[in-house]
Undergrad: 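Next up is a structure, given as structure tokens.
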Amino acid sequence: MRPKSYSIFGGHGSKSGVEHAAEVIFTVCGFFAVLAVASITLYMIISGTPALFKVGILDILFGTIWMPAAATPSFGILYVILTSIIGTALAILIGVPIGVMTAVFLAEVAPERLTNIVRPAVELLAGIPSVIYGLLGILILNPLMYKIELKIFAGSTTHQFTGGANLISAVLVLALMILPTVINISESALRAVPQHLRSASLALGATKIQTIFSAVLPAAKSGIITAIVLGTGRAIGEAMAISLVSGSSVNMPLPFNSVRFLTTAIVSEMSYSAGLHKQVLFTIGLVLFAFIMLINITLNNLLKKGEESHDK
Amino acid sequence: MTNDIVIPVQKESAVTHSIYNQKNRISDSFLTFLIYLCASISIMVLVGIMGYVFVRGIPEISLEFLTTVPSTIKGTFGIVGNIVNTLYVVVITLLIATPLGVGAAIYLNEYAKGGKAVRIIEFTTETLAGIPSIIFGLFGYVFFGNTLGLGYSILTGALTLSIMVLPLITRTTQEALKTVPESYRSGALGIGATKWYMIRTILLPSAMPGIVTGIILAIGRIVGESAALLFTAGSGYLLPKDFFGKIFESGGTLTIQLYLCMQKAKYGQAFGIAVVLLVIVLAINGLAKFLSHKFNTEVKES
Amino acid sequence: GSKNAETQAPDTKTEAGTTSGTTANETTAKEDTATNLKGSISMVGSTSMEKFATALSEVFMEKYPSVTVQAEFVGSGAGIEAVTNGSADIGNSSRNLKDEEKAKGVAENIVAIDGIAVVSDPANTVDNLTKDQLINIYNGTTTNWKELGGADQPIVVIGREAGSGTRTAFEELLKLEDACKYSNELDSTGAVMAKAASTPGSIGYVSLDVLDDTVKTMKLESVEPTPENIKAGSYFLSRPFVMATKGEISEQSDLVKALFDYIYSDEGKDLVKAVGLIPAN
Amino acid sequence: MTTRVNYEHELSLLNHDIKEMGRMVETSIEQCFVAFEDQDFEKAEDIIKGDRTINDLERSIEARCLSIILRQQPVAGDLRVVSSALKVVTDLERIGDHASDIAELILRIKGEHVYHVVRHIPSMATAAREMVRCSIEAFINQDLETAKQIEKQDDVVDELFDKVKNDVVDLLKHSNEHIDQCIDLLMVAKYLERIGDHAVNVCEWTEFSKTGALKNVRIL
Amino acid sequence: MTTRVNYEHELSLLNHDIKEMGRMVETSIEQCFVAFEDQDFEKAEDIIKGDRTINDLERSIEARCLSIILRQQPVAGDLRVVSSALKVVTDLERIGDHASDIAELILRIKGEHVYHVVRHIPSMATAAREMVRCSIEAFINQDLETAKQIEKQDDVVDELFDKVKNDVVDLLKHSNEHIDQCIDLLMVAKYLERIGDHAVNVCEWTEFSKTGALKNVRIL
Amino acid sequence: MNTNTVKITTNHLNLYYGTNHALKDVSLNLFTNKITAFIGPSGCGKSTYLKTLNRMNDLVPSVKIEGEVLLDEENIYDPRVDTTLLRKKIGMVFQQPNPFPMSIYDNVAYGPRIHGIKNKSELDDIVERSLKGAALWDEVSDRLKKSALGLSGGQQQRLCIARALAVEPEVLLMDEPTSALDPISTLKIEDLMDELKEKYTVAIVTHNMQQATRIADNTAFFLVGEVVEYAPTTELFTAPKDKRTEDYITGRFG
Amino acid sequence: MNTNTVKITTNHLNLYYGTNHALKDVSLNLFTNKITAFIGPSGCGKSTYLKTLNRMNDLVPSVKIEGEVLLDEENIYDPRVDTTLLRKKIGMVFQQPNPFPMSIYDNVAYGPRIHGIKNKSELDDIVERSLKGAALWDEVSDRLKKSALGLSGGQQQRLCIARALAVEPEVLLMDEPTSALDPISTLKIEDLMDELKEKYTVAIVTHNMQQATRIADNTAFFLVGEVVEYAPTTELFTAPKDKRTEDYITGRFG
Ligand SMILES: Nc1ncnc2c1ncn2[C@@H]1O[C@H](COP(=O)(O)OP(=O)(O)OP(=O)(O)O)[C@@H](O)[C@H]1O
Ligand SMILES: Nc1ncnc2c1ncn2[C@@H]1O[C@H](COP(=O)(O)OP(=O)(O)OP(=O)(O)O)[C@@H](O)[C@H]1O
Ligand SMILES: [Mg+2]
Ligand SMILES: [Mg+2]
Ligand SMILES: O=P([O-])([O-])[O-]
């Protein structure tokens, strides 16, 4: 046996101070997000619930008349909720297929040179402020919509003309706005599909298109769902871009009606409101918050389930 | 390839299933058409938007536009104040959010011992990422503005945005840390490095591209944000008189100014700002690409 | 707030709305303080008052270079709330204060009178409306311009959002509270201007000082919305611009006092006129 | 439990071939003396021819062993079985050779009756044949007990050889007539003795195949 | 070009051991006759003792071969070398055995002069020893040419054996005196003949080691 | 050469990746119901050669191919060839087990569905037959609807083989099919290949020379794009004709 | 048993991952200047055992360890033990070569730097010595400042060995160090290990049984957490005492 050079028993035998400090600091950082969400939730609840009880839960959630500043104010936000749901759903319905197909085009079909030009453009568009989309909505979409509106409802006495600021405009702006997000994330999901799955499919005699639709897309499913989740989040949470193009009146979410989304409801009246009106706006915030949580949790669960079923 | 060998035609019938039998599949053609259709729609729309913004915006841009602040008396307009404000907000937000986010990611990836704590933190981080900015706006307005009494100020805005971009930084850092192979950790610990030493010398350098990406994405988000800032940082456009004092004064970012211009129907100015924003985003994307490329090659070559 | 008022400014005896002239005493005081006043004033509130407020702050800051005046234009309600809870020195409001607001100790300092102009898209052939016609348009009885002698075109009714000072004043003056049928509820004066300008058949109302030729300005009862007509009382849509403070002006900091002094000075009145408004009183 | 179908199959073929070779060798020895007693010279010729088959079988077993080593990398028991097979066939082949040698001598001694004079050859033949039979059986079954006994039996064969030698010496002392035949008979005995030795070798390989040791010395 | 240091080393050790074993066997044979001619009975005893070393060396070479097979999975040339080594040592050991057997007989014949009567034994011994030497050399060097020649030389040894046999028969015909010695001498000749056979076997393994075929039949 | 009838012939095949001459004048025959192994150091062109046999190299943009490859005497590089049919006839199994992220059933049914089989009971039949053919049926028959990613590596690889069998190929190409597997799974797959050759013509690339000796009838040794030696496996591994072959298989060559 | 002096002793070691009893009463000795190999089917606890020897298992949250591990007769699970010192004495090399994304030089100098060596020329010395010890110096001496990631797999693994040597360990633990390498690199590393055992005590986990036979002095066969048999390698691979060992090494056991 060679002489023992030194013993493994250290002087202290435990971690040094730096180690401990580092761990504590990182732990605190880790729980900061929890703190933030907790306080946001808390604030939303504190600010949002009083009105809920003052006005009555049913009256707020299922009331259809929004007259917050009237002598006998009325705070029904059913139409607002419906607008958000329907508007977002429609935007997703339009934006996602186009976005996914475009992603397929970029990731699978397009020649590399074209992809190299288009992809940075898409990335750029994902980064531009949403208000710019709103700007274009006002300037291009609204006048166009008004022309259509005039045609369709010519002579109608019951229809209130909106000058093109309607649900469709908002939906189109939203659909357009989520497009870059959906394209980007779907494309990277598609690119992340291991090459060997494509080879496997081709080697079984599948054509390129069959490979894309039968092997690649299913394999990228979870990524595409993420794209949809983020798209949905962006659509439902967007406020500024559509506050100007949707007309912002509280109405039934019919295509040519001027409508108000949950987000726009807050943005447009927050500044002016006071008292109960303000509290109700926080209630709307709370509803929006609840919506987002609900969507996140359900989609997350869906995603996780999908993944789990593959993992084991 | 040599095609000079003539393959007798009768062979096709002789062999039971000849491979000479090309045919087109209708479903394939249809789906191909669909892909091309969707792609051209989105590409045209997206390219159209950019073109439109540039065409309308570039004529608006002038030296005055870029170097002055608006004046009602003189009836002039400029965005230098907003540019400065944007810088303030970006820098302060990052100063707050980066250490927190990176720290949280390190905690989640390296220290947390699995279980509930991690699940809660990850869930809340995800939730935070999903909260619409208008809610952050409300919260910042109430909490930082009113409760803490900071009013409309750059600090209120930056604090609000810090919370907002926190999940972005945490997540990208976490992803980057996750991609650092487990083997690096065991490699370092296996020769007797302490954990913090290992994090410092191996993990953080390896995760740097990811962290930088996270920061750049955060900058993008901050620059483009409007709803969360409108009620927090306000819309001030004056140049700072006092470097630190400005932090407590209101300051509208470019995007806020763009929104305000839109509201006032000053579309020309709005497009001018839009061009500036596009250029900034373009620069950020370019920077991100450059940095991640640089880091990557650095890691490879060094 | 005005944290950095270093020197005690000489006492000013001026009361809000009582004096209109500039005393020699004040002039010297101002010159005195011009070099010494330092700090910032924050005002929050009405979007209709944006033009007036920015012009005011610009001129005031030129006069007192060490002073910063910050103005946020988020709406009358928010302004009043801000001043109530102390997060702003001055709350701009384009309507009179409500009693419950006054009850919280907020003082109503009327700094100018504004008219509300009714605007339409430039191509509109109708250029005059009676009060009844206006009421019928806004309560949804009249839906097409041809009923008013114009082209066969649906009327797009544009208004402001609930809580807006302009909207409150407009609806009050026309006794239209809770009866308006808007097809667009936009959240700023500028947005109404823009929408009206770009939408054929539109009608909207905005503050007097923002009028320009992108829109057609309606005569009401054949009266043009001009300061003169408003002063004369022949144009019936007018309301005050209020710069509310927490407590009377005398209770404010020197900076704020100096600002109000300026507003009520001749120079200030000229400024009010210059931006197309009518000086208070 | 994996099967390694192929491998098992090859191993069983190997076993089968060794058994077959053993059977053939045994038969050779037996037939030798049958031929001699019956003076059936054709049978003797057959035996000599049969040796060629045995030689071929040796080659084929060797080839199979090497192929298994090449393809399957046997270890432990498998390696011992394969390598002892590789060695044991040498002994079997040699036994076959000796049987054929004996047959050749028998052809020469043909018709002579010296054989009856040398009394111990028949018992020697029986003993040797029995040893071969048992040793092959022991090898196939990896039966160490039997193997040990056979080793003892070799002493009997050796003793018998000495007796045969004495017989021959006696015979030669008494007559000069059958010198050639005597010497041939002596050779037959020598071959039988060698056959016993080879049977002992087979037993040694049995020990190795079972334990990895040869005469208690660990080889593998 | 990788070295596979260990593997090469083991292969070279194997080669060395075989050479060594060959050398020992050769010496044994040589010493046998030196001992006989010099009537040096101690030397004869040494030879008998030396056989034990040869046996041990056989075991150790076998062990080395199996170890190489187990550890290194030799293929191609390497596998042929290792497996032929595994086989060739049996022959070498047997040659050693025979040398020792001869030595034993020599001890018995001690002092007698019959040996000089049987004239062909010395040349037979020389031929056999030469065959062994050459065959081992051929094996080590994978020298097919030499190997072929040696196979031919075996016929010479076989012929010499027949001559010795005739010598012995003649001797016996003329006298009954030295029957034991004659028979022993015959046995010595038989052993030498077997040694020649084994040398031929070594040559066959040389062919295999070089080509993978035994007598032109592909085995590996 | 362990022969039978010729299934695939390559005549003077040259392949270039851009300027990289990856296959140099390769002429080989693959025989029906035999296993042919390809060995050689990394980068010598084994995979490339395998891929030329079912035109998977078509997907590489810069590739240029000269010479001919005949499948049952038809040139597979003829412009009239439908690669879909070709690849249906020549199945391929890859180094890493690569099941699709779907159920076991769907994985196996993938090929048949692509080729237009919709009928449920017919598909059931094919799936069962293929899984049995790949010696996997017993292990998975009770969880066909579970995700294929839940299988062990060896099972996944056998699933990939089943998936290839489901389209009823005539030739099975395997590129290092066991290099990602543990020794036990490897032995299972080797046994399986031995069974498969009864019905199919099999070509396999392997780094494991013992594997080649165990399963292949014929073996070709590649070196920088050339076929140095092509011979019956036993011959190649016991008495290679070329010094380079011997150096390589005895591990003296890197 | 191929013995010498005992370097590491484990007495009745039991290890639990939560409720999973991963090591069951393992008692073994590792001998100085010998190579000890651990074989066994996947999941039998080989890596776990190896990791208990330098307390890398400490990092797993739910782990519980009973029994003692003595290094030179000192219990490494004593609370006074400084794991940094312990791991300096007991180096580890992993399955996948895992050089840090730095230069070759920095990789090797990483360990010494941790342990406080700052002096440039001293570091130079250590780096050269370690690289020579890992038989890599000749191949990389002219590009020490280049990234380690540019090396081939086999070179990377030898770099990792050099990195481990640089802290002058007494024991070297290797967990399947060649499973990610091609046959040629594997042979190189095996040759290297044979050299290393002159100076170090080496323990290696391997799936490749031939490798164990080639390099190890003693071999332990693990099965579901138990040591079924521990014997000199040749003995274990030629005449295993336990039927389960024989079944495993002959490939009859899955
Ligand atoms: N898609 C490709 N583009 C360009 N060159 C390629 C491509 N694929 C392979 N090569 C080159 O062709 C040569 C042969 O590669 P191939 O993959 O066929 O080797 P291999 O024998 O399969 O090696 P390995 O054993 O590592 O799999 C190599 O030099 C390689 O770099
Ligand atoms: N960090 C861990 N947490 C929980 N269980 C573990 C952990 N690591 C290993 N195990 C379990 O302990 C047992 C032994 O694992 P170990 O990694 O030691 O096996 P192994 O013999 O090294 O296998 P392999 O050959 O696949 O590397 C397995 O059942 C494994 O699932
Ligand atoms: Mg390959
Ligand atoms: Mg392991
Ligand atoms: O912005 P307002 O003036 O309408 O409150």
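Predicted, not measured: the structure shown is a model, and the values here were computed from it.
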Undergrad: Taking C-beta and beyond as the side chain, do Gln73(E) and Arg214(G) meet within less than 4.5 Å on heavy atoms?
TA: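 Gln73(E) reaches Arg214(G) side chain to side chain.
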
Undergrad: Between OH of Tyr7(E) and CG of Asp191(G), what distance do you get to the nearest 0.5 Å?
TA: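 Reported value, rounded in 0.5 Å steps: 12.5 Å.
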
Undergrad: I need the residue from Gln210(G), Glu195(G), Gln211(G), Glu190(G) with the largest number of non-hydrogen atom pairs under 4.5 Å to chain E.
TA: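 Ranked by contacts with chain E, first place is Gln210(G).
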
Undergrad: Hey, which of Ile68(E), Leu66(E), Leu70(E) has the most heavy atom pairs under 4.5 Å with chain G?
TA: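 The answer is Leu70(E).
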
Undergrad: May I ask you to check whether Arg71(E) and Thr234(G) show a side-chain donor-acceptor distance below 3.5 Å?
TA: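 A pair is found: one side chain offers a donor N or O, the other an acceptor, under 3.5 Å apart.
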
Undergrad: Side chains of residues 127-139 of chain G: which donor-acceptor partners sit under 3.5 Å, not counting sequence neighbours?
TA:
| residue | atom | partner | partner atom | Å |
| --- | --- | --- | --- | --- |
| Glu128(G) | OE2 | Lys132(G) | NZ | 2.6 |
| Arg129(G) | NH1 | Glu168(G) | OE2 | 3.1 |
| Ser130(G) | OG | Ile126(G) | O | 2.7 |
| Glu139(G) | OE1 | Gln155(G) | NE2 | 2.9 |
| Glu139(G) | OE1 | Arg158(G) | NH2 | 3.3 |
| Glu139(G) | OE2 | Arg158(G) | NH1 | 2.9 |

Undergrad: For residues 57-101 of chain E, which residue pairs pass the ring-ring contact (aromatic ring centres under 6.0 Å, His included) check, not counting sequence neighbours?
TA: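 Output for this query lists His98(E)-Tyr191(E), His98(E)-His198(E).
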
